[in-house]
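Counting starts at 1 for both ligands and their atoms, following the listed order.
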Amino acid sequence: MSINLTYEFIVIIPAAGMGSRMQATLPKQYLNVMGQTILTHTVNALSKHPKLVKFIIAVSKNDSFIHQIPFCDKISIDVIEGGEERADSVLSGVSYAQKKYQPKWILVHDAARPLITKNDVECLIDSLGSEAFYLTQSIGAILATPLKDTIKKISHLEHGIYTEKTEPREKLWAAQTPQIFPTKTLLDALYFCKKEGLSVTDEASAIELFGGRTFIVQGSSSNIKLTEPADLEYIKFVLNKRLNQLPS
Ligand SMILES: Nc1ccn([C@@H]2O[C@H](COP(=O)(O)OP(=O)(O)OP(=O)(O)O)[C@@H](O)[C@H]2O)c(=O)n1
Ligand SMILES: C[C@](O)(CO)[C@H](O)COP(=O)(O)O
């Protein structure tokens with residue numbers, strides 16, 4: 001498959017988690033909603049954007065589900081082995097993509113975020129060519145949303161936990177995915193964090209620890225990550241509305 005790596009993009013989809021917080025009988029990315037797995041909904045949602053042409057799905061070593069999923073033939077998928085932590089799965093995916101396709105840019109999107117929209121992906125990709133991206137000297141971009149609650153930094157004592165002074169809410173946003181970075185830089189940043197034993201929960205954190213800056217694009221509050229049981233009810237509700245084109 002030839003990929004026009006100037007105007008087309010590859011997406012790493014970390015899907016090797018166990019979904020322990022979900023407390024389900026199978027990993028949450030394989031839970032069935034309206035006849036399709038969460039992972040299928042996520043891949044289908046991403047594939048609505050014409051510039052996303054290759055999906056590299058990182059699954060756990062003993063995954064027995066992925067090859068039973070009937071993805072649409074038009075969607076080009078490579079399946080690789082993920083790792084112990086999310087960052088390891090992303091590192092495996094980016095390393096594989098770099099070796100096989102040498103893409104200039106790479107996107108990373110959680111399998112557990114099935115409500116991503118074509119418009120949000122478009123806004124993220126478009127931001128790379130914006131004056132603001134250039135003027136902020138950013139090297140990549142992420143979707144994120146402003147917080148609705150006041151966030152408290154905590155400290156622990158044996159008697160309980162208490163609050164510490166923290167940043168004002170206006171300066172704190174909730175990161176989502178997709179996150180997009182130059183492939184080589186992201187690969188170097190993830191290797192650096194791995195080598196230094198620095199635990200990161202998203203790609204932007206690795207880039208920041210590696211000395212880079214990340215541009216923020218406001219995403220949709222509906223682009224939640226399936227984490228706990230209550231999230232599944234919301235995802236079912238939104239998917240049902242979209243599939244039945246009810247006004248949101
Ligand atoms: N070793 C891991 C851990 C997580 N992920 C993926 O990273 C995404 C976000 O991670 P998270 O929501 O934490 O998923 P889990 O680790 O499965 O959830 P939990 O922490 O509740 O076990 C998910 O799509 C998950 O499949 C991964 O590819 N490899
Ligand atoms: C990448 C992410 O979805 C951004 O909010 C989040 O960090 C994933 O965290 P998790 O603990 O692996 O779910």
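In this structure, Thr166 OG1 and Ile151 CD1 are separated by 8.0 Å, a value rounded to the nearest 0.5 Å. Taken from OG1 in Thr40 to CD1 in Ile75, the straight-line distance is 8.5 Å, to the nearest 0.5 Å. Atom-to-atom distance recorded for Arg242:CZ and Thr117:OG1 is 6.5 Å, nearest 0.5 angstrom. Separation of atoms CG (Leu190) and OG1 (Thr185) is listed at 10.5 Å; rounding is to 0.5 Å. Remark: Lys165 NZ to Lys152 NZ distance equals 11.0 Å, nearest 0.5 Å. Within the model, atoms CG of Asp120 and CG of Asn223 stand 6.0 Å from one another, a figure rounded to the nearest 0.5 Å.
Only the side chain of Arg21 comes within contact range of ligand 2, with a heavy atom under 4.0 Å; no backbone atom does. Contacts between Arg113 and ligand 2, counted as non-hydrogen atom pairs separated by less than 4.0 Å, involve the side chain only.
The protein heavy-atom contact nearest to atom 13 (O) of ligand 2 is Lys225 NZ, 2.6 Å. Here the protein heavy atom with the shortest distance to atom 6 (C) of ligand 2 is Thr201 O, 3.6 Å. Counting only heavy atoms of the protein, atom 17 (O) of ligand 1 lies nearest to Gly19 N, 2.7 Å. Among protein heavy atoms, atom 24 (O) of ligand 1 sits closest to Pro14 O, 2.8 Å. The protein non-hydrogen atom at the shortest distance from atom 20 (O) of ligand 1 is Arg21 NH2, 3.0 Å. Scanning the protein heavy atoms around atom 12 (O) of ligand 1, the nearest turns out to be Lys28 NZ, 2.7 Å. Looking from atom 8 (C) of ligand 1 to the surrounding protein, the closest heavy atom is Asp110 OD1, 3.6 Å. Regarding atom 28 (O) of ligand 1, its nearest protein heavy-atom neighbour is Ala16 N, 2.9 Å. Gly17 CA, 3.6 Å is the protein heavy atom nearest to atom 4 (C) of ligand 1.
Counting atoms of ligand 1 from 1 in the listed order, those under 4.0 Å from a heavy atom of Ala112 are 24 (O). Of all atoms in ligand 1, listed by their number and element, those nearer than 4.0 Å to a heavy atom of Gly83 are 1 (N), 2 (C). Interface of Glu84 with ligand 1, defined as ligand atoms under 4.0 Å from a residue heavy atom, comprises 1 (N). Near Ala175, the atoms of ligand 2 lying under 4.0 angstrom from a non-hydrogen atom of the residue are 4 (C), 5 (O). Each of the following atoms of ligand 1 lies closer than 4.0 Å to a heavy atom of Ser89: 1 (N), 2 (C), 27 (C), 28 (O), 29 (N). For ligand 2, the atoms lying closer than 4.0 Å to a non-hydrogen atom of Asp110 are 1 (C), 2 (C), 3 (O).
Within the 4.0 Å heavy-atom cutoff, Thr227 does not count among the residues contacting ligand 1.
At distances below 3.5 Å, at least one donor-acceptor pair connects side-chain atoms of Arg169 with backbone N or O atoms of Lys148. Judged by distance alone, the side chain of Gln29 and the main-chain N or O of Gly17 form a donor-acceptor pair under 3.5 Å. Although no hydrogens or angles enter the test, the distance criterion places a donor-acceptor pair under 3.5 Å between the side chain of His41 and the main chain of Val33.
Here the rule is side-chain contact (heavy atoms from CB on, under 4.5 Å) with Leu143, and of Ile116, Ile180, Ile216 only Ile116 fits it.
At a 3.5 angstrom cut-off on N or O pairs, Gln179 does not count as close to ligand 2. Residue contacts with ligand 2: Arg86 is placed with no nitrogen or oxygen under 3.5 Å of a nitrogen or oxygen of the ligand (distance criterion only).
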Got a list of side-chain donor-acceptor pairs under 3.5 Å for residues 92-100, not counting sequence neighbours?
unit_1: Ser92; atom_1: OG; unit_2: Asp88; atom_2: O; d: 3.0
unit_1: Ser95; atom_1: OG; unit_2: Lys99; atom_2: NZ; d: 2.9
unit_1: Tyr96; atom_1: OH; unit_2: Asp78; atom_2: OD2; d: 2.8
unit_1: Tyr96; atom_1: OH; unit_2: Lys100; atom_2: NZ; d: 3.2

Can you list the steps and then say if Glu122 with Lys48 is a salt bridge (Lys or Arg N to Asp or Glu O under 4.0 Å)?
CA-CA 10 Å; Glu122 183 72 2; Lys48 286 182 181 156; over 6 Å; no
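Evaluated by nearest non-hydrogen atom to atom 10 (O) of ligand 1, the leading choice among Met18, Gln29, Arg86 is Arg86.
Linking Ile, Leu, Val, Met, Phe, Trp and Tyr residues whenever their side-chain heavy atoms come within less than 4.5 Å places Val121 and Leu128 in a single cluster.
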